[in-house]
Amino acid sequence: QVQLVESGGVLVQAGGSLRLSCVASGRTFSNYAMGWFRQAPGKEREFVAFIFRSGRSTNYADSVKGRFTISRDNAKNTVYLQMNSVKPEDTAVYYCAGAATTWASPRQDDYTYWGQGTQVTVSS
C-alpha cells in the first residue's frame with residue numbers, strides 16, 4: 001500500500017503562483033510513476049501532468065502546458081506541481097496518483113493509489 005497526502009491548495013488570484021506537494025509513504029516512492037489530476041465542479045476528473053519514476057520524462061495536458069511544472073524529489077518521497085500564471089479555469093480539487101509502472105500515463109485507470117485531494121481556487 002502507498003499512502004498519498006496532498007497539500008498546498010489555496011485561494012489565489014488569477015496570474016498568481018502556487019506549489020502543490022504530495023508526500024508518499026508505505027512503499028519505495030522511486031518505484032512509482034506519479035501523476036496529477038484535477039476535478040472542477042460539475043466536471044469529470046482530468047489529467048494534468050505525469051512524471052516517470054526517474055523524473056527524466058514528463059508530460060502535460062495542453063491546457064496547462066507552459067504554465068505548470070511537475071517534479072519529484074525521491075529522497076523526500078514527494079512530487080510537486082508548480083502552478084504559474086493560474087487562471088480561474090484552473091479552479092479544481094487536485095489529486096496526486098501513483099502507478100507501479102516503468103512508464104507514466106495520462107489515463108486514470110493506470111494509477112492504483114490516490115490522495116484525498118487539495119482544493120485550488122483561482123479568483124478573477
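For the atom pair CG (D73) and OG (S71), the distance works out to 8.0 Å, reported to the nearest 0.5 Å. The CD1 atom of I70 sits 9.0 Å away from atom CZ of F50, with the distance rounded to the nearest 0.5 Å. Expressed to the nearest 0.5 Å, how far OG of S124 lies from CD of Q13 amounts to 9.5 Å. Here OG1 of T78 is found 12.5 Å from CG of L20. Values are rounded to the nearest 0.5 Å. Once rounded to the nearest 0.5 Å, the distance linking CD of Q3 with SG of C22 reads 11.0 Å.
Side-chain N or O atoms of E6 include one that pairs as donor or acceptor with a backbone N or O of Q116 at under 3.5 Å.
Side-chain atoms of Q108 and D110 include no donor-acceptor pair closer than 3.5 Å. Side-chain atoms of S17 and N84 form a donor-acceptor pair, as typed in the model, at a separation below 3.5 Å.
There is no path of hydrophobic side-chain contacts, each under 4.5 Å, that joins Y80 to I51. One hydrophobic cluster holds both V64 and V10 under the rule that ILVMFWY side chains link at heavy-atom gaps under 4.5 Å. Cluster annotation: Y60 and V48 are assigned to the same hydrophobic cluster (Ile/Leu/Val/Met/Phe/Trp/Tyr, side-chain heavy-atom contacts under 4.5 Å, transitive). No single ILVMFWY cluster, assembled from side-chain heavy atoms under 4.5 Å apart, contains both V93 and L4.
Side-chain contact between T118 and S7: absent, with no pair of heavy atoms (C-beta onward) separated by less than 4.5 Å. A heavy-atom distance below 4.5 Å is found between the side chains of R67 and D90. Side-chain contact between R19 and M83 is absent, with no heavy atoms from C-beta onward closer than 4.5 Å. Using a 4.5 Å cut-off on side-chain heavy atoms (C-beta onward), R45 and Y95 make contact. For the pair F52 and T102, the minimum side-chain heavy-atom distance is 4.5 Å or more. Side chains of Y94 and Q119 form no contact here, defined as non-hydrogen atoms less than 4.5 Å apart. Side-chain contact between L18 and V120 is present, with at least one heavy-atom pair separated by less than 4.5 Å.
More than 12 heavy-atom neighbours from other residues, nucleotides or ligands sit within 6.0 angstrom of NZ on K65.
The minimum heavy-atom distance linking F47 with S105 is given by the pair CE1-O, 4.2 Å. R72 approaches M34 most closely through the heavy-atom pair NH1-CG, 3.7 Å.
Every pair passing ring pair (Phe, Tyr, Trp, His ring centres under 6.0 Å) that includes a residue from residues 96-124 is listed here, sequence neighbours excluded: Y32-Y113, F37-Y111, F37-W114.
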